[in-house]
Amino acid sequence: MASISLKHIFKIYSGDVTAVSDFNLEVPDKEFLILVGPSGCGKSTTLRMIAGLEEISKGELYIGDRLVNDVAPKDRDIAMVFQNYALYPHMTVFKNMAFGLELRKVPKDVIKEKVEEAAKILDIEHLLNRKPKALSGGQRQRVALGRAMVRDPAVFLLDEPLSNLDAKLRAAMRTEITKLHKKLGTTFVYVTHDQTEAMTMGDRIVVMKDGFIQQVDTPQNLYDKPCNKFVAGFIGSPQMNFIKATIVKEGDMFYATFGGYKLEIPKGKTTDGTFDAYVGKEVTMGVRPEAIHDDELFLSEFPNLKVKADVEIAELMGSEIYIYMVVDGNNIVAKVPPRSTYKPGDNISIAIDMTKAHFFDNETDKTICN
């Protein structure tokens with residue numbers, strides 16, 4: 001088992017193209033860490049540097065207590081599961097899983113035992129004599145995981161391993177990989193661009209953008225306390241709504257105003273004096289879809305938080321409805337119970353739960369308060 005330590009890691013390609021900048025991170029032993037971000041943010045490059053498949057331009061990488069900058073991938077005690085599974089098409093499942101051990105001259109009886117044990121855990125014992133082309137995507141994924149497992153590595157590296165699977169299978173495999181992590185008690189570093197995967201699987205999540213770490217935290221903290229507008233918008237589905245609003249102060253109360261609406265900001269968000277510097281200035285107010293209410297009880301209880309909205313689309317998702325609407329020129333999504341019967345063109349009243357509102361500085365995009 002092993003921890004991973006990345007100290008001031010850079011990846012600079014020829015032509016002075018920087019893919020990863022000053023990456024600092026400590027991954028404790030047995031943690032399930034997720035690297036997430038949009039395409040081109042540097043997450044796969046970071047994973048490949050840990051694996052030894054990309055050279056580190058600057059900085060130090062430790063696996064356990066060992067500096068591994070110049071250690072070959074095969075000697076790093078890691079196993080990697082790729083997006084395309086990278087199985088040998090001419091070999092059986094058994095041979096694919098055993099290949100790495102055969103290269104290491106592991107005795108045949110030990111290989112057989114390890115492969116069969118991994119196959120049992122992954123429920124692919126009945127597939128050991130098949131070739132990869134006779135397997136479904138999910139089965140190939142399990143074989144790729146099994147091949148990594150038999151080597152008993154200190155660190156598992158997974159690069160978008162579920163992106164080729166359909167939605168139902170992807171959800172099932174998410175659960176399987178999480179269970180596998182608990183069973184093996186090994187350090188996992190997992191790359192994905194799918195924030196649902198990140199939120200449901202990881203102990204901690206690293207959100208990246210343009211080669212820089214934006215925030216490292218637990219899934220719940222990233223959702224509730226994003227450090228900037230990018231993280232707030234990236235984590236959560238549907239994504240957070242953003243409204244340009246001006247901060248106004250009357251007596252000791254602060255308000256967010258836009259398009260003739262004046263919404264009171266709860267005192268709990270303003271007592272530390274942070275908002276004093278923003279009086280008269282435009283900021284961005286962030287509201288998650290579930291913090292927008294259409295029920296009569298909330299509307300009657302908080303009439304001063306009410307705004308008018310024009311419905312564009314209502315999507316029934318089964319247990320809830322996503323309403324896409326326009327409020328004073330702002331595109332807004334609300335997540336409401338399925339009792340609603342809205343149609344495109346309806347003009348409705350909604351209320352914004354200001355206790356759950358987030359505020360961001362328009363110049364720096366940094367969070368003013370959550």
Side-chain angles (χ1 to χ4, degrees), residues 4 23 25 27-28 30-48 50-51 78-86 122-123 136-146 148-149 155-209 213-226 230-240 288-290 317-320 322 333 335:
I4 306 169
F23 193 102
L25 188 67
V27 186
K30 299 183 180 158
E31 182 170 62
F32 197 133
L33 183 89
I34 305 246
L35 300 176
V36 72
S39 297
C41 71
K43 56 191 186 295
S44 286
T45 304
T46 303
L47 195 78
R48 290 172 67 82
I50 296 171
I78 52 104
M80 189 152 174
V81 179
F82 295 92
Q83 182 177 352
N84 61 0
Y85 318 137
L122 294 164
D123 195 23
S136 69
Q139 289 168 334
R140 285 180 205 174
Q141 180 59 69
R142 286 167 195 260
V143 175
L145 282 167
M149 276 168 65
V155 177
F156 266 83
L157 305 176
L158 301 100
D159 191 5
E160 307 224 15
L162 308 183
S163 59
N164 292 338
L165 304 180
D166 64 61
K168 187 177 176 187
L169 192 53
R170 200 154 62 216
M173 284 303 296
R174 277 205 308 262
T175 312
E176 291 301 318
I177 290 174
T178 308
K179 280 191 205 159
L180 188 62
H181 171 252
K182 300 245 185 312
K183 200 172 283 185
L184 298 178
T186 312
T187 309
F188 274 47
V189 182
Y190 186 108
V191 161
T192 181
H193 62 270
D194 182 333
Q195 54 90 30
T196 307
E197 261 172 52
M199 290 293 283
T200 52
M201 294 172 79
D203 297 323
R204 280 191 309 157
I205 301 173
V206 180
V207 183
M208 293 183 69
K209 180 193 177 195
I213 292 177
Q214 300 294 305
Q215 189 171 352
V216 184
D217 218 324
T218 61
Q220 196 63 55
N221 278 350
L222 281 179
Y223 193 78
D224 294 336
K225 299 170 185 169
F230 173 79
V231 174
F234 192 81
I235 298 292
S237 179
Q239 79 159 52
M240 185 183 281
R288 294 219 178 266
E290 62 272 22
M317 306 301 287
S319 61
E320 56 204 5
Y322 296 168
V333 188
K335 206 190 270 191

Test log, rule side-chain contact (heavy atoms from CB on, under 4.5 Å), inputs His181 and Glu176: CA-CA 9 Å; His181 171 252; Glu176 291 301 318; over 6 Å; no
Verdict with reasoning, Leu157 to Val81, per side-chain contact (heavy atoms from CB on, under 4.5 Å): CA-CA 6 Å; Leu157 305 176; Val81 179; over 6 Å; no
Run Leu35 and Val189 through side-chain contact (heavy atoms from CB on, under 4.5 Å) and show every step you take. CA-CA 7 Å; Leu35 300 176; Val189 182; 4.3 Å; yes
Passes side-chain contact (heavy atoms from CB on, under 4.5 Å), Met80 versus Arg48? Steps please. CA-CA 9 Å; Met80 189 152 174; Arg48 290 172 67 82; 4.3 Å; yes
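In this structure, the separation between CG on Leu184 and CE on Met149 is 5.0 Å, given to the nearest 0.5 Å. Residue Thr218 holds its OG1 atom at 8.5 Å from CE of Met199, rounded to the nearest 0.5 Å. Here CD1 of Ile235 is found 11.0 Å from CD of Gln214. Values are rounded to the nearest 0.5 Å. Here the CG atom belonging to Leu162 is positioned 7.5 Å from the OG1 atom belonging to Thr192, to the nearest 0.5 angstrom.
Scanning all heavy atoms of the two residues, the minimum distance from Pro226 to Tyr223 falls at CD-O, 3.8 Å. Taking each heavy atom of Pro219 and Gly202 in turn, the nearest pair found is CG-O, 3.5 Å. Closest non-hydrogen pair, Ala198 versus Ile205, comes out as O-CD1, 3.4 Å. Listed here is the closest heavy atom pair of Met208 and Phe230: O-CE2, 3.8 Å. Taking each heavy atom of Gly37 and Lys43 in turn, the nearest pair found is O-NZ, 3.0 Å.
Looking at Arg142, its side chain does come within 3.5 Å of a backbone N or O of Leu122 through a donor-acceptor pair. The main-chain N or O of Lys225 is found under 3.5 Å from a side-chain atom of Gln215 such that the two form a donor-acceptor pair. Using modelled atom types, one side-chain atom of Gln139 and one backbone atom of Ser136 make a donor-acceptor pair closer than 3.5 Å. Ser237 contributes no side-chain N or O that, together with a main-chain N or O of Gln239, makes up a donor-acceptor pair within less than 3.5 Å. Remark: side-chain polar atoms of Thr186 are not paired, donor with acceptor, to backbone N or O of Val155 under 3.5 angstrom.
A search for side-chain contact (heavy atoms from CB on, under 4.5 Å) contacts involving Pro238 returns Pro289, Tyr322, Val333, Lys335, not counting sequence neighbours.
Proximity of Arg170 to Asp194: side-chain heavy atoms (C-beta onward) are separated by under 4.5 Å at one or more points. Side chains of Thr45 and Leu47 form no contact here, defined as non-hydrogen atoms less than 4.5 Å apart. Looking at Val36 and Glu197, their side chains never come closer than 4.5 Å, going by heavy atoms from C-beta outward. Counting only heavy atoms from C-beta outward, the side chains of His193 and Glu160 approach each other to under 4.5 Å. The side-chain heavy atoms of Phe234 and Pro38, taken from C-beta on, include a pair separated by under 4.5 Å. Looking at heavy atoms from C-beta onward, Met201 lies out of side-chain contact with Phe188 at the 4.5 angstrom threshold. A heavy-atom distance below 4.5 Å is found between the side chains of Thr46 and Phe23. Side-chain contact between Leu145 and Ile177 is present, with heavy atoms from C-beta onward closer than 4.5 Å.
Between Gln83 and Ser163, the side chains place a donor N or O and an acceptor N or O closer than 3.5 Å (distance only, hydrogens not considered). Under the 3.5 Å distance criterion, with hydrogens and angles disregarded, a donor-acceptor pair is assigned to the side chains of Thr200 and Arg174.
Residue Ile4 is tested with Leu25, Val27, Leu33, Ile78 for a side chain to side chain contact (heavy atoms under 4.5 Å, CB included); the sole match is Val27.
Note on ring orientation: taking the six-membered ring where Trp is involved, the planes of Tyr190 and Phe32 are tilted (angle from 30° to 60°).
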